[in-house]
Amino acid sequence: MGDDTDGHVDDLTRFVAPNTVVTVVEQDPQDDNYRPLQDNLKRLRALRDQDGNPLRIIELPMPGIIEHKGQRLPASYANFYIANSVVLLPTYRHESTDTIAAQTLQQLFSGRRVVGIDSTNLIWGLGSFHCLTQQQPVA
């Protein structure tokens, strides 16, 4: 719910190493995203890496619901951007899950500084940092 792309990978699951993915998981069974994200997690657990080994799966929380003008927005911590020395993490004014997401990514990217940036207003455009860094048209 809230994902206008019907599940683009940059809002769900991201490779962070050849055998490791981070994936968002909704903890509230009453949330509409709980079942689809549990299904995604189950599918990931069945996958194997290039050497035939199970993937290492690291879970990221989902932030609380963010709405604009009655529309649920695609807020996800998986929409981070990896740069040379930093990882830009979208945050959403949900202190507990913002902190968990930042700590989780910092452990995974120990050689980079994880910088949380409030994306609450940015997500009104239906995307965050990873979306913003995609294809740029020729001027």
- Item | side-chain contact (heavy atoms from CB on, under 4.5 Å) between Glu59 and Leu41, intermediate numbers included | CA-CA 9 Å; Glu59 296 180 21; Leu41 183 60; 3.6 Å; yes
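If you chain together hydrophobic residues whose side chains sit under 4.5 Å apart, Tyr81 and Val115 fall into the same group. By the rule that hydrophobic residues join a cluster once side-chain heavy atoms approach within less than 4.5 Å of another member, Val21 and Ile82 end up as members of separate clusters.
Inter-residue side-chain proximity for Leu44 and Thr13 is flagged as met; some heavy-atom pair is nearer than 4.5 Å. Residues Val16 and Phe80 are in side-chain contact: their nearest non-hydrogen atoms beyond the backbone lie under 4.5 Å apart. Side-chain contact between Val24 and Leu37: present, with at least one pair of heavy atoms (C-beta onward) separated by less than 4.5 Å. Inter-residue side-chain proximity for Asp31 and Ile65 is flagged as met; some heavy-atom pair is nearer than 4.5 Å. Gln38 has its side chain within reach of Val25: a pair of non-hydrogen atoms, C-beta onward, lies under 4.5 Å apart. Looking only at side-chain heavy atoms (C-beta outward), His94 and Met62 stay at 4.5 Å or farther from each other.
Residue pairs meeting the salt bridge (Lys or Arg N to Asp or Glu O under 4.0 Å) criterion with at least one member in residues 73-91: none, sequence neighbours excluded. Under the salt bridge (Lys or Arg N to Asp or Glu O under 4.0 Å) criterion, no residue pair touches residues 74-84, with sequence neighbours excluded.
Evaluation of the side-chain hydrogen bond (donor to acceptor under 3.5 Å, both in side chains) rule for Arg43 yields Asp39 as partners, not counting sequence neighbours. For Arg93, the side-chain contact (heavy atoms from CB on, under 4.5 Å) test picks out Asp118, Thr120, Asn121, with sequence neighbours left out. Every side-chain hydrogen bond (donor to acceptor under 3.5 Å, both in side chains) that Asp98 has, sequence neighbours left out, goes to Tyr77.
A donor-acceptor pair under 3.5 Å is formed between the side chain of Tyr92 and the backbone N or O of Ser76. Formation of a donor-acceptor pair under 3.5 Å by the Thr23 side chain with backbone atoms of Leu12 is found in this model.
Distance check: Ser119 OG to Ile66 CD1 gives 8.5 Å after rounding to the nearest 0.5 Å. Between atom CD1 of residue Ile57 and atom CG of residue Asn40 there is a gap of 9.0 Å, rounded to the nearest 0.5 Å.
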Throw together a table of side-chain donor-acceptor distances under 3.5 angstrom for residues 100-111, partners on residues two or more places apart or in other chains.
from	atom 1	to	atom 2	distance (Å)
Thr104	OG1	Ile100	O	2.8
Gln106	OE1	Val114	N	2.9
Gln106	NE2	Phe109	O	3.3
Gln106	NE2	Arg112	O	2.7

Residues 46-55 side chain polar contacts: donor-acceptor under 3.5 Å, at least two apart:
from	atom 1	to	atom 2	distance (Å)
Arg48	NH1	Arg45	O	3.4
Asp49	OD1	Asp51	N	2.8
Asp49	OD1	Gly52	N	3.1
Asp49	OD1	Asn53	N	2.9

